[in-house]
Protein chains: 2
Amino acid sequence: MNRSASIKDVANHASVAVGTVSNVLNYPDRVSQRTKERVLRAIDELGFVRNDAARQLRAGHSRTIGLIVLDVGNPFFTSVVRAAEDAAALQGSAVLLGDSGHDAGREANYIDLFQEQRVQGLLISPVGDVSERLDLLRERGVPTVLVDRLADEDKFSSVAVDDDAGGYLAARHLLDTGRRRLAFVGGSTSIRQVADRLQGAQRAVKEEPEATLEVLVSEGQTVLAGRSVGNILVERDRAALPDGIFCANDLLALGVMQSLTMTHTLRIPEDIALIGYDDIDFAVSAVVPLSSIRQPTEALGRTAIELLAEEVEAQHPRHRAVIFTPELVVRQSTAAPSAG
Amino acid sequence: MNRSASIKDVANHASVAVGTVSNVLNYPDRVSQRTKERVLRAIDELGFVRNDAARQLRAGHSRTIGLIVLDVGNPFFTSVVRAAEDAAALQGSAVLLGDSGHDAGREANYIDLFQEQRVQGLLISPVGDVSERLDLLRERGVPTVLVDRLADEDKFSSVAVDDDAGGYLAARHLLDTGRRRLAFVGGSTSIRQVADRLQGAQRAVKEEPEATLEVLVSEGQTVLAGRSVGNILVERDRAALPDGIFCANDLLALGVMQSLTMTHTLRIPEDIALIGYDDIDFAVSAVVPLSSIRQPTEALGRTAIELLAEEVEAQHPRHRAVIFTPELVVRQSTAAPSAG
DNA sequence: TCGTAACAATGAAACGATTCAAAGATTCGC
DNA sequence: GCGAATCTTTGAATCGTTTCATTGTTACGA
């Protein structure tokens, strides 16, 4: 119980050499049937479990990949994590997950921890700017792929989603269903995602001469912030109201939906169409099922692992930036208005 | 770049013995100021990072704790994980997180992986029954604490939340605010949590002679399932309606809320009070802010780590089962009706 | 100046798995 | 029955740390 059995114990118990036990574990074909059975029995009887530390020490590297995300609670990352785990499992690696919680200190701790663990490489959705900490990783030769953040291809590979394209998709969809007086609701445009989604929306609006896009800045990106914006809107003259609203995320959209439907005078989608972004679980079960833009999180996670594998294998890695295009999910909240 | 610097490289570079470098890292007081500086400079110049595998091999155990949860996406577990990480950090350990996704196969993989890693111990929220896999861990002497699941104290320590008490709290609150015709909405009572919460509610109702409790079984525990139940309710005669509804989780409650408020004839909380369970983020930002029962997730995570530490230290561990009582969070959805 | 105590530095041994050259056993054709 | 070829098994060396008994150094009081 105290000290767990080692390969040497197994060897003694089965009366073979340690090398043979190792062969049974790693190259079973090299070992005769009889011996194999004896060894396996011994392993079973002693409850032997390989010591990964020793294995790894000898091998010089681990079979794990470090993954540091900004917030495991965020469904976007949860989904990326799951995809990355599955993709890693396929190539025989395990993922060590770290949650930085947007905190640079925690991020640094995980980077250090993972380096000490000699992970094969690192997937990271970095806090703030791509910092010196990451440059240090590069110098140390730790293969690294940035997730949900574009990077200079001289320095890192990266996977990201094209937020401009997502914004375009959303606005184009509102225009395609006949809306012309659009509004964009988002937090500060100092958040890159918000700025990009807005930019894409503006691009779409420019394609329709008579279409307009009003920008409403919310205080944060929560349901409550959305409700505040909605409350301001319902005060307006009917004529001054937008007929299509694009929110920078689903939480905002759900908040706006609450305000608009609470008054019982405005109908979604007949009077105002509403589309969000992220396609969270709640979108489908909103009072009026919410149209949204879905990000290809599975592809992100899988591709991140694949890019990392490239980095690990290549001697002189040529970094790549892979950008995914999000997808429009149409639900009732943007159904075409019944009359022309 | 190829092979990272070892303690031996550092020793050469600083012209000291390897033991001295080790002392600088682990017992800085044993080393003279001059030497320490030379060594630290060498570490810096070579970009030396401790190899944890070697450390661990020598030590015989790692400084990590394995944590396997049923679903990292579930806010309950996310919160437990975070608390466990913080508590572990305090005692100098790191947490390796595994997400079984309710899948026994994935759970088994993580158990194996963590055993190979020689984790100090394991926190696990097990899939299905406490199985032979866990018994095996016990035989192997891997300290294990069950999370969110009571266990035989002969076998394991455990931390859990008292769902019966939670159910009692919720129903008692409805009764205290004057409601007498209560309804319970939940999925199948074959789910332990559902059964316990119902039982607690029944206990509270029995305390009031004229109070009644009707049980409505939903198909699943989602917003949509809640909406279905709500839709059935609004069809009823006003007189046959409950005046207080307790849902086995917040998703169900939000769904019920959607149905009731959509009709515009029933008001929450004036006509019907509504309370959920879990206190998810969405509860506070619902159309009518939702009262709920909050589970002490931080305490769960922290205590789990503490119990594990006890197991690790004690030679002949006496297992303990710690049960937490949840907490009532009152919001608008159960405000006392304006008139008596 | 010497002996002793306190302090610093040394380096071999150990942790447990994998590797691989070498030795030993078996099979086969003739 | 013999040599060659093939298949098995062996065990020492190795990975990078930590530990610890030992040796070397310094300081100080008598």
Side-chain angles (χ1 to χ4, degrees), chain A residues 2-40 42-43 46-64 92 112-113 115-120 140, chain B residues 2-40 42-43 46-64 92 112-113 115-120 140:
Chain A
N2 315 316
R3 211 186 96 278
S4 46
S6 77
I7 212 175
K8 198 186 269 177
D9 300 324
V10 173
N12 288 338
H13 196 261
S15 310
V16 298
V18 290
T20 303
V21 178
S22 176
N23 281 335
V24 169
L25 295 171
N26 300 296
Y27 307 94
D29 293 348
R30 291 191 191 158
V31 184
S32 73
Q33 189 61 26
R34 265 171 43 80
T35 316
K36 200 171 355 187
E37 278 166 13
R38 270 225 312 293
V39 171
L40 289 175
I43 286 177
L46 298 178
F48 166 79
V49 177
R50 262 205 191 76
N51 183 324
D52 195 58
R55 215 150 119 77
Q56 183 174 320
L57 173 59
R58 180 64 232 247
H61 61 88
S62 72
R63 293 163 304 127
T64 54
D112 289 348
L113 179 67
Q115 273 195 88
E116 293 192 357
Q117 307 248 28
R118 295 292 189 276
V119 293
Q120 295 177 305
R140 298 250 171 86
Chain B
N2 314 318
R3 212 187 94 277
S4 46
S6 77
I7 214 176
K8 199 185 266 179
D9 300 323
V10 173
N12 288 337
H13 196 259
S15 310
V16 297
V18 291
T20 303
V21 177
S22 176
N23 281 334
V24 169
L25 295 171
N26 300 297
Y27 307 94
D29 293 347
R30 292 190 191 161
V31 184
S32 74
Q33 189 62 26
R34 264 171 43 81
T35 316
K36 200 173 349 188
E37 279 166 12
R38 270 226 312 291
V39 171
L40 289 176
I43 286 177
L46 299 178
F48 166 79
V49 176
R50 257 203 191 83
N51 183 323
D52 195 57
R55 215 150 120 77
Q56 184 174 320
L57 173 58
R58 178 65 233 240
H61 61 89
S62 72
R63 294 163 304 126
T64 54
D112 289 347
L113 179 67
Q115 273 196 89
E116 293 192 359
Q117 308 248 26
R118 295 291 190 275
V119 292
Q120 295 178 306
R140 299 252 170 84

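Numbered from 1 within each chain, the chains take letters A, B, ... in sequence-line order.
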Closest-nucleotide ordering on DNA chain C, the 5'-leading residue of B:Val31 and B:Ala54: B:Val31
Closest heavy-atom pair and its distance - A:Ala54, B:Leu57: CB-CD1, 3.8 Å
side-chain contact (heavy atoms from CB on, under 4.5 Å) partners for A:Ser22, two or more places apart: A:Ile7, A:Asn26
Presence of A:Asn26 side-chain N/O under 4.0 Å of C:dT18 phosphate oxygens OP1/OP2: yes
Sugar-phosphate, base or nothing in reach of B:Thr20, heavy atoms under 4.0 Å: base
Between C:dA17 (C1') and A:Phe48 (CZ): distance, integer Å: 8 Å
Stepwise side chain to side chain contact (heavy atoms under 4.5 Å, CB included) check, A:Leu40 with A:Val24: CA-CA 8 Å; A:Leu40 289 175; A:Val24 169; 3.9 Å; yes
Qualifying residues under side-chain contact (heavy atoms from CB on, under 4.5 Å), relative to B:Arg30, sequence neighbours excluded: B:Asn23, B:Tyr27
Euclidean distance, atom CZ of residue B:Arg58 to atom P of C:dA12 [Å, nearest integer]: 15 Å
A:Arg118 and A:Gln56 side chains, donor-acceptor separation under 3.5 Å: no
Shortest non-hydrogen contact between A:Ala42 and A:His13, atoms and distance: CB-ND1, 3.6 Å
Side-chain donor/acceptor of A:Asp9 to backbone N/O of A:Ser6, under 3.5 Å: yes
Nearest atoms (heavy-atom pairs only) where B:Val18 meets B:Lys8: CG1-CA, 3.8 Å
From CD (A:Gln117) to CG (B:Asn51), nearest 0.5 Å: 10.0 Å
Between P of C:dA17 and CG of B:Leu57, the distance in whole Å: 9 Å
Gap between atoms NZ and C1', on A:Lys8 and C:dA17 respectively (whole Å): 11 Å
Integer-rounded Å distance: C:dC15 C1' and A:Asp9 CG: 12 Å
Chain A contact limits on DNA chain D, taken 5' to 3' with a cut-off of 4.0 angstrom to heavy atoms: D:dT8 to D:dG16
Rounded distance in Å - CG (A:Leu46) to C1' (C:dG16): 15 Å
Axis deviation across the helix from C:dT1-D:dA30 to C:dC30-D:dG1, five-pair ends, to the nearest 10°: 40°
Of B:Gly60 and B:Ser32, the one whose closest DNA chain C nucleotide lies more 5': B:Ser32
From CG (A:Asp112) to CZ (B:Arg50), nearest 0.5 Å: 11.0 Å
Are any protein N/O atoms closer than 3.5 Å to N/O atoms in nucleotides 21-24 of chain C? If there are, list each pair with its distance.
none

Partner set under salt bridge (charged side-chain N to carboxylate O under 4.0 Å, His left out) for A:Arg55, not counting sequence neighbours: A:Asp52
Touch class at under 4.0 angstrom, heavy-atom based, for A:Val21 against every strand present: nothing
Sugar-phosphate only, base, or nothing, as touched by B:Ser22 at under 4.0 Å among non-hydrogen atoms: base
Rounded interatomic separation in angstrom, taking CG from A:Asp52 and P from C:dT18: 9 Å
Length of the line joining A:Arg30:CZ and C:dT26:P, which is rounded to integer Å: 20 Å
Shortest non-hydrogen separation from A:Ala14 to A:Val39 and the atoms involved: CB-CA, 4.1 Å
